[in-house]
Amino acid sequence: MRPFDYLRAESPDAAVQAAAAPETMFIAGGTNLLDLMKLEVLAPARLVDITRLDLGGIEADGDGLRIGALVPNSDLAADPRVRRDYPLLSRALLAGATGQLRNKATTGGNLLQRTRCYYFHDRDTPCNKRTLGDGCSAIHGVNRNHAILGTSEHCIATHPSDMAVALRALDAELELLSPNGSRRRVALADFYCLPGDTPHVENILEPGELITAVILPAPVGGRQIYRKVRDRASYAFALVSVAAAVRVEDGLIAHVALAFGGVAHMPWRDGAVEGFLQHQPPSPALFAEAASRLTAQARGFGANDFKIPLLQRTLAAVLAEATEVTA
Amino acid sequence: MSKVTLTVNGRTVTREIEGRTLLVQLLREGLGLTGTHVGCDTSQCGACLVHVNGQAVKSCSIFAAELEGAEVRTIEGMANRDGSLSVIQQAFQDCHGLQCGFCTPGMVMSAAALLQDNPRPTEAEVRHHLEGNLCRCTGYHNIVKAIMAASGQDVAMAAE
């Protein structure tokens, strides 16, 4: 690992001011950053340690919850309010990594995980995320884990977080603090970027900008499911995951929110599919049509072609479980 | 270089370290506590597991500089005051919960974290809890048996 300057921030304002400097990054849990620094995929000149900042705690926020950016994944998953009102989030968190990592990983850091694309981690192969213009090794390479939705000719990486998929289905917002001291709130829906021509840009954070909290709106109720399909039962990233919050009233789907992991550069959501399901009587035929619509624009790259039918079947299975309608 | 002061197994230590010094390097090279092992160095295997402020974490993936004021406990801090083995360590010995022994410090520390939160886990809970600790010898059955024994439960298991 290359040497760097270590700075312990004493306040959020001091942290963002320090991090506005070139080649500077924040460190909190470090569960992803350290690995990338060991590989020298990332080699910041300076790290700003934000672990001492007062950004922990989970508080009521109107009818919702305000989750401090430094709340560890373990604590968030175990919080009684989260387990009761947002069980989807708790289940997604517990589906990710292992206990030791969840003890260290933070809410804000989880959102900022980098892709696990092998080529991004291998400095001996071209990767547009590391060096724009070098090309994407995955498109014609080993791409079993890669994206099928929202890809570009420059990048087919996936976002690895389970938590972010759940937060996307729950319509979470982020609170951001900028180096000039101003705060803004951004919907998670508007936070991540598709690869397009700029695969190195993964989100809308400005230099030095810090996630200070995640805001959850009022609970939506209904059945909440997080289904993660992976190569082994623990400690593996999702091939496909489905986060669902579904409420059936009087035999019709009254509320449906669906987000998908393992299939795109960001937690994927498709408003048209949700609109199609809304106010319909749940049935296997309806679920199959929704799955077909979800994947209408999907594209495989060879080894990951299987993800298209896998995503269709997983969505249909989750909808069947959530609505208690089976074939 | 920066200075960090932390408590390791009840002893306060201060060291000048680089920003990039990992906790496991401070423990092994700075303090001579070589019971904590480096298996993968990529936070996969759990051989480097220690407790920081009472929580199980992987010491290969923490910068020591971040631990100012922290309380760290390693495998060297697990024995009883009189030097005899702790209940968990004794159970690992009695149940032969190890083969080559490389993962053992991490397994013992992981078991201690589990039993602190859940003193009478089911076998399934023990197996689930160990998902972040890999044993290359695949000696899991006896490790699980040892943790069940340490919790004072019947060690007879279906899977032998």
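For the numbers below, each heavy atom of this structure counts, side chains included, while hydrogens, waters and symmetry mates do not. Numbers restart at 1 for each chain; the letters A, B, ... are given by sequence-line order, proteins then strands.
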Q. Given a strict heavy-atom distance threshold of 4.5 Å, which part of A/L39 is in contact with chain B: side chain, backbone, both, or neither?
A. neither
Q.
If I measure from the heavy atoms of chain A, does B/I17 come under 4.5 Å with its side chain, its backbone, both, or neither?
A. neither
**Q.** Shortest non-hydrogen contact between A/N145 and A/T158, atoms and distance
**A.** O-CG2, 3.6 Å
Q. Of the backbone (N, CA, C, O) and the side chain (C-beta and beyond), which part of A/A105 lies under 4.5 Å from a heavy atom of chain B, both, or neither?
A. neither
**Q.** Nearest heavy-atom neighbours spanning B/C48 and B/T36
**A.** O-CG2, 3.5 Å
Q. Charged N to carboxylate O under 4.0 angstrom, A/R227 versus A/E321?
A. yes
Q: Taking only Lys NZ, Arg NE, NH1 and NH2, and the carboxylate oxygens of Asp or Glu, determine whether A/R66 and A/E175 approach each other closer than 4.0 Å.
A: yes
Q. With chain B, which of A/R8, A/R102, A/K104, A/K38 has the greatest number of heavy-atom pairs at distances under 4.5 Å?
A. A/K38
**Q.** Which atoms of A/A97 approach chain B - backbone, side chain, both or neither, heavy atom under 4.5 Å
**A.** backbone
Q. Of all heavy-atom pairs between B/E68 and B/V4, which one has the smallest distance, and what is that distance?
A. OE1-CA, 3.4 Å
**Q.** Portion of B/L22 that has a non-hydrogen atom of chain A nearer than 4.5 angstrom
**A.** side chain
(Q) If the threshold is 4.0 Å, N to carboxylate O, is there a salt bridge linking A/R52 and A/E10? (A) no
Q.
Between B/E18 and chain A, with a heavy-atom cut-off of 4.5 Å, which part of the residue counts as in contact: side chain, backbone, both or neither?
A. side chain
**Q.** Options B/K58, B/E66, B/Q55, ranked by heavy-atom pairs under 4.5 Å with chain A, top entry
**A.** B/E66
Q | Option in A/L101, A/D35, A/T31 with maximal non-hydrogen atom pairs under 4.5 Å from chain B | A | A/D35
Q | Over all atoms of both residues, closest heavy-atom pair of A/A238 and A/S241 | A | CB-CB, 4.0 Å
Q) Of the backbone (N, CA, C, O) and the side chain (C-beta and beyond), which part of A/T51 lies under 4.5 Å from a heavy atom of chain B, both, or neither? A) side chain
Q | Taking every non-hydrogen atom, the tightest pair across A/L89 and A/M163 | A | CD1-CG, 3.8 Å
Q. What part of B/T21 lies closer than 4.5 angstrom to a heavy atom of chain A: side chain, backbone, both or neither?
A. neither
Q: Could you tell me which portion of A/N103 (side chain, backbone, both or neither) has an atom closer than 4.5 angstrom to a non-hydrogen atom of chain B?
A: both
